[in-house]
Structure formats: structure tokens, C-alpha cells
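Numbers here are sequence positions counted from 1.
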Amino acid sequence: MKYNFDELTERRGSNSVKWDEDTTYPDILPMWVADMDFRTAPCIIDALQRRVGHGIFGYCHVPEEYYSATIKWMSERHNLKVERDWIIYTSGVVPAISAVIKALTSPGDEVLVQTPVYNCFFSSIRNNGCAIAENQLIYSDSTYHIDFDNLETKLSRPQVKLMLICNPHNPAGRVWTREELERIGSLCLKHSVIPVADEIHCELTYSGHEYIPFASISEEFTRHSVTCISPSKAFNIAGLQIANIFCADPGMRKRIDKAININEVCDVNPFGVDALIAAYTQGEEWLDELRAYLWNNYQTVCTFFADHMPHIGVTRLEGTYLVWLDCRSLGVTSEALKNLLLEHAHLWLTEGTVYGQSGEGFMRLNIACPRSRLIDGLNRFYNAVNRL
């Protein structure tokens, strides 16, 4: 490999949410929040160093190069044709989703999610005065499937106005197939529900599982949907706060743009702009090596549990770097297991109930770290669970 993903970088003391949030145990190993322990692509570091060298950090103008880099990347890497006017930049995918909900719903409406799902969906919905409608995913054969009968029942409710589609799905690790996305889209059209696709993990997919942008499937899907996307997960630049909304419909786009301004997330910083341009114009080689390394990390996880804890289920990983562990055989709640791991192993994972009640008995493990650190975490998990 050209890039060294085995390098151990000390993150303590860098004001990292992941590493500095909990100082109860000096040797705590955090494998919870979704950022990576790898230095970002050298091309991004170089771009940021040039920006720092300028020494003035005033209000940021987003240049045409930003738009052209985004359009070219989405077209050439993902076969999604995006027009310049469709793009609304903002500070993150969560602010984007919140603004879209504000723009396209009214208080009291319902927004449909497929649980277990990214926890910020819940807060974005509630903060806009809306209610949550759940289409629970079905867990079988170490993966998740969509209950389409229940999905149509929920979409047919007149109060359901939006559906949030997480693709790749966090924490389930699914990359929805074209057929699944077509069925979702057709049902949304049938019942006049607007699909809003959170595709922040789109770059992080593995062999045999192609990320298909929802808006790329048909012209009708393009016109009637909204996509929220960012390079932040794939290039480990979440702290630079940059994301895009793609919306082809002028009327919806105008309402979203207004909501972005109402929510005061219409300005971005120069570092995020320069990082996105560098990622989308020079970062492809680094990204492909990262994906290969992450896949080998996942194989390490699978082998470890098969050899040492076969009673713990490892959900099939098609996308993201977040492994969903089925710990129901242990007979304890997710919250109790999280506390056990913290107290006896100084290991921090995320309890499954954060992602909805259907996550009870599961834990989410972030494997985006050097392999030696991953193995340390797995050994800590094993030693703590043995106490049960």
C-alpha cells in the first residue's frame, strides 16, 4: 500500500469528541462515534496547509471549482448527473436533514425512518415539531431486510410527508440494492411522500455492493427526491463541517434554501471548501486504499468472533465502517453491556438502543482505526464479556 493506515496517531489532547469526551479512564479506548483514527488524505492536508499559510480566515466565498469538483466526482464515480443549480452547500448532513424537514413538513406531520437507524434522525424530526413513523427492518441471516408490507402501510398514512433513506445504512451496514431502492421510490411516489436520502457513507462500500444514488435511478426519482451528502466520513474531515444538498425541483429547492438560512447554517468555512475540492479532485487513490484496509479490518473482526466468541453475531458489512454486533445471547441489555465494557475493559462502544428500541441487544463497533488498535479493542471486549 502507498498509504500507511497502520500508523498510530495520538488523538488525546486534540479536543476530540471521540477521545477527550470521557476522561474517567486514562487508557479508555473509544470505538463509538463515527470518525476515523487515520490521518486524512495527504492531498487534503496539503490543501489545508496552503490555506493556513495565507494567514487570513475571513468569510468564505464558495468558488466555481467547488461545484465543478462535486459535479465531476458524482458523475464519474457514482453515475449521478448533478446540475450546478441543484447544489446547496451547508455545514453538515445533520443540519441539512433538519433544514429539509423544516422546509418540506409542517409541525404535526410524520417522517418515516427505518429502524434501527442513525440517532440524529430522531432529534432532527422532533426538533421540527414532527412525529416519527417507524418501518422496522427485519434481522435475519446476519443482515437486515426491508418489511415492504409494513413500509407501504406506513407510507399510506396521510400524515407521513417525508421518508428518510439511509444508504449505506447506519448502523445496519446495508447498501440498498437497485431493486430495493426502486420499490421504496415507487411506494413514495404512489403515496406522495418525499424521499430524502442520507448518503453520507456512500464512498465506503465493499466488493459486490455498489452504492446507487437514489436520485440516479430515474428522472422521476431525481425530480421528486432530495439527497444529502458529504465527503466527511470517507475522508475523515467531519470537523471541517462541509456538506451538500442536491435538489432538482426548483420549488423544493427554494424552500430548502430558505430553511438553511432560517437555521443559520448557510455559511461554511474555507477549510471545508478547500478540503472538499482536494478530496474530489485528488483523493481517489487514497480512498480506494482506505476501503481495502477497512475491509481487512472487518475480516479481522469476523475471524476473532468466530474463533473466540461464536455466540456473538457479526452483522454482514456491505458499507460504512460500523460493525453491528448481535449480543443478545449474553442475556443483558445493551446499556448494561456498554457499562460493563467501560468499567472492566475501558472500552467504549455504542449501545444499540441509541438507534431505536429494535437495537436492543446489539452494539455498534467502529473499526476505522489501525489494526493493532482494533485487535486491542477486540481483546478488551473478550475479557470483559468473560466476566458474564
Side-chain angles (χ1 to χ4, degrees), residues 4-40 116 118-120 170-171 173 204 233 236 238-239 290 293-294 296-315 317 320-356 359-388:
N4 181 16
F5 295 103
D6 287 320
E7 178 186 4
L8 290 168
T9 301
E10 179 58 68
R11 298 189 64 191
R12 287 187 179 89
S14 64
N15 297 322
S16 162
V17 168
K18 185 176 183 180
W19 285 86
D20 294 326
E21 177 105 343
D22 189 330
T23 57
T24 306
Y25 308 106
D27 64 338
I28 195 168
L29 180 55
M31 306 182 80
W32 62 292
V33 71
D35 73 11
M36 301 191 287
D37 288 340
F38 308 120
R39 287 165 61 86
T40 190
Y118 180 45
N119 52 297
C120 286
N170 170 19
L204 301 170
K233 297 300 180 187
N236 204 26
L290 168 71
Y293 190 92
L294 290 172
N296 286 330
N297 270 5
Y298 173 64
Q299 293 301 310
T300 299
V301 171
C302 291
T303 300
F304 186 92
F305 279 99
D307 290 347
H308 300 288
M309 291 177 284
H311 53 291
I312 302 292
V314 180
T315 299
L317 190 66
T320 82
Y321 49 70
L322 306 165
V323 177
W324 192 236
L325 300 175
D326 182 359
C327 304
R328 291 175 292 178
S329 63
L330 299 178
V332 297
T333 66
S334 295
E335 180 71 23
L337 182 55
K338 174 192 175 181
N339 292 334
L340 175 80
L341 294 171
L342 278 170
E343 181 179 354
H344 295 290
H346 301 175
L347 175 66
W348 190 356
L349 272 59
T350 308
E351 66 273 32
T353 45
V354 166
Y355 310 102
E360 180 60 89
F362 292 80
M363 302 292 289
R364 195 186 78 168
L365 168 70
N366 179 348
I367 64 168
C369 59
R371 197 153 299 133
S372 61
R373 188 169 286 165
L374 173 63
I375 292 169
D376 180 16
L378 294 173
N379 284 323
R380 292 187 191 208
F381 189 98
Y382 174 76
N383 292 331
V385 167
N386 274 348
R387 290 177 170 269
L388 292 173

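- Two residues are said to be in side-chain contact when any heavy atoms from C-beta on lie closer than 4.5 Å; Asn379 and His308 fail this criterion.
- Here the closest non-hydrogen pair linking Asn366 and Val33 is ND2-O, 2.8 Å.
- A parallel orientation is assigned to the rings of Trp32 and Trp348, their planes being inclined by less than 30° (bins at 30° and 60°).
- Note that the OG1 atom of Thr40 and the CG atom of Leu290 stand 9.5 Å from one another [nearest 0.5 Å].
- Residues Tyr321 and Asn297 form no side-chain contact, since every pair of their non-hydrogen atoms from C-beta on lies 4.5 Å or further apart.
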Begin from the C-alpha positions of Leu325 and Phe381 and carry the test side-chain contact (heavy atoms from CB on, under 4.5 Å) through to its verdict.
CA-CA 11 Å; Leu325 300 175; Phe381 189 98; 4.2 Å; yes
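- When atom types are taken as modelled, the side chain of Asp376 and the backbone of Ser372 share no donor-acceptor pair closer than 3.5 angstrom.
- Residue Leu374 comes nearest to Cys369 through the heavy atom pair N-SG, 3.6 Å, listed as atom of the first residue, atom of the second, then distance.
- Although no hydrogens or angles enter the test, the distance criterion places a donor-acceptor pair under 3.5 Å between the side chain of Arg380 and the main chain of Ala345.
- Expressed to the nearest 0.5 Å, how far CG of Leu388 lies from CG of Leu337 amounts to 7.0 Å.
- A side-chain donor-acceptor contact under 3.5 Å links Asn236 to the backbone of Met36.
- Judged as a ring pair (Phe, Tyr, Trp, His ring centres under 6.0 Å), and not counting sequence neighbours, the contacts of Phe38 are Phe5, Tyr293.
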Arg364 vs Asn170, test: side-chain contact (heavy atoms from CB on, under 4.5 Å). Steps then yes/no.
CA-CA 9 Å; Arg364 195 186 78 168; Asn170 170 19; 3.0 Å; yes
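- In terms of modelled atom types and a separation under 3.5 Å, the side chain of Tyr355 and the main chain of Pro171 share no donor-acceptor contact.
- Scanning both residues, Leu341 and Ala384, for their nearest heavy atoms gives CD2-CB, 3.7 Å.
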Step by step, would you call Asp35 with Arg11 a side-chain contact (heavy atoms from CB on, under 4.5 Å)?
CA-CA 12 Å; Asp35 73 11; Arg11 298 189 64 191; 3.1 Å; yes
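- Glu360 CD to Thr333 OG1: the interatomic distance, rounded to the nearest 0.5 Å, is 5.5 Å.
- Of all heavy-atom pairs between Leu317 and Tyr298, the closest is N-OH, 3.2 Å.
- Atom CG of Asn339 is separated from atom NE2 of His344 by 10.0 Å, given to the nearest 0.5 angstrom.
- At most 12 heavy atoms of other shown residues, nucleotides or ligands fall within 6.0 angstrom of atom CG in Asn15.
- Closest heavy-atom contact between Met31 and Arg373: CE-O, 4.5 Å.
- Listed by chain and residue number, Arg328 satisfy the salt bridge (charged side-chain N to carboxylate O under 4.0 Å, His left out) test with Asp326 (two or more places apart in sequence, or in another chain).
- The NZ atom of Lys338 lies 13.5 Å from the CD atom of Glu343; values are rounded to the nearest 0.5 Å.
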Take Ile312 and Leu330 through the test side-chain contact (heavy atoms from CB on, under 4.5 Å) and record every step on the way to the result.
CA-CA 8 Å; Ile312 302 292; Leu330 299 178; 3.8 Å; yes
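- The closest donor-acceptor contact from the side chain of Ser334 to the backbone of Phe362 lies under 3.5 Å.
- Between the Asp20 side chain and the Ser14 main chain, a donor and an acceptor come within less than 3.5 Å of each other.
- Trp19 is linked by a side-chain hydrogen bond (donor to acceptor under 3.5 Å, both in side chains) to Asp37, counting only residues two or more places apart in sequence or in another chain.
- Leu322 contributes atom CG, which lies 8.5 Å from atom OG1 of Thr350 (distance to the nearest 0.5 angstrom).
- Ser16 places no side-chain N or O within donor-acceptor distance of the main-chain N or O of Arg12, the cut-off being under 3.5 Å.
- Scanning both residues, Leu342 and Tyr25, for their nearest heavy atoms gives O-CE1, 3.3 Å.
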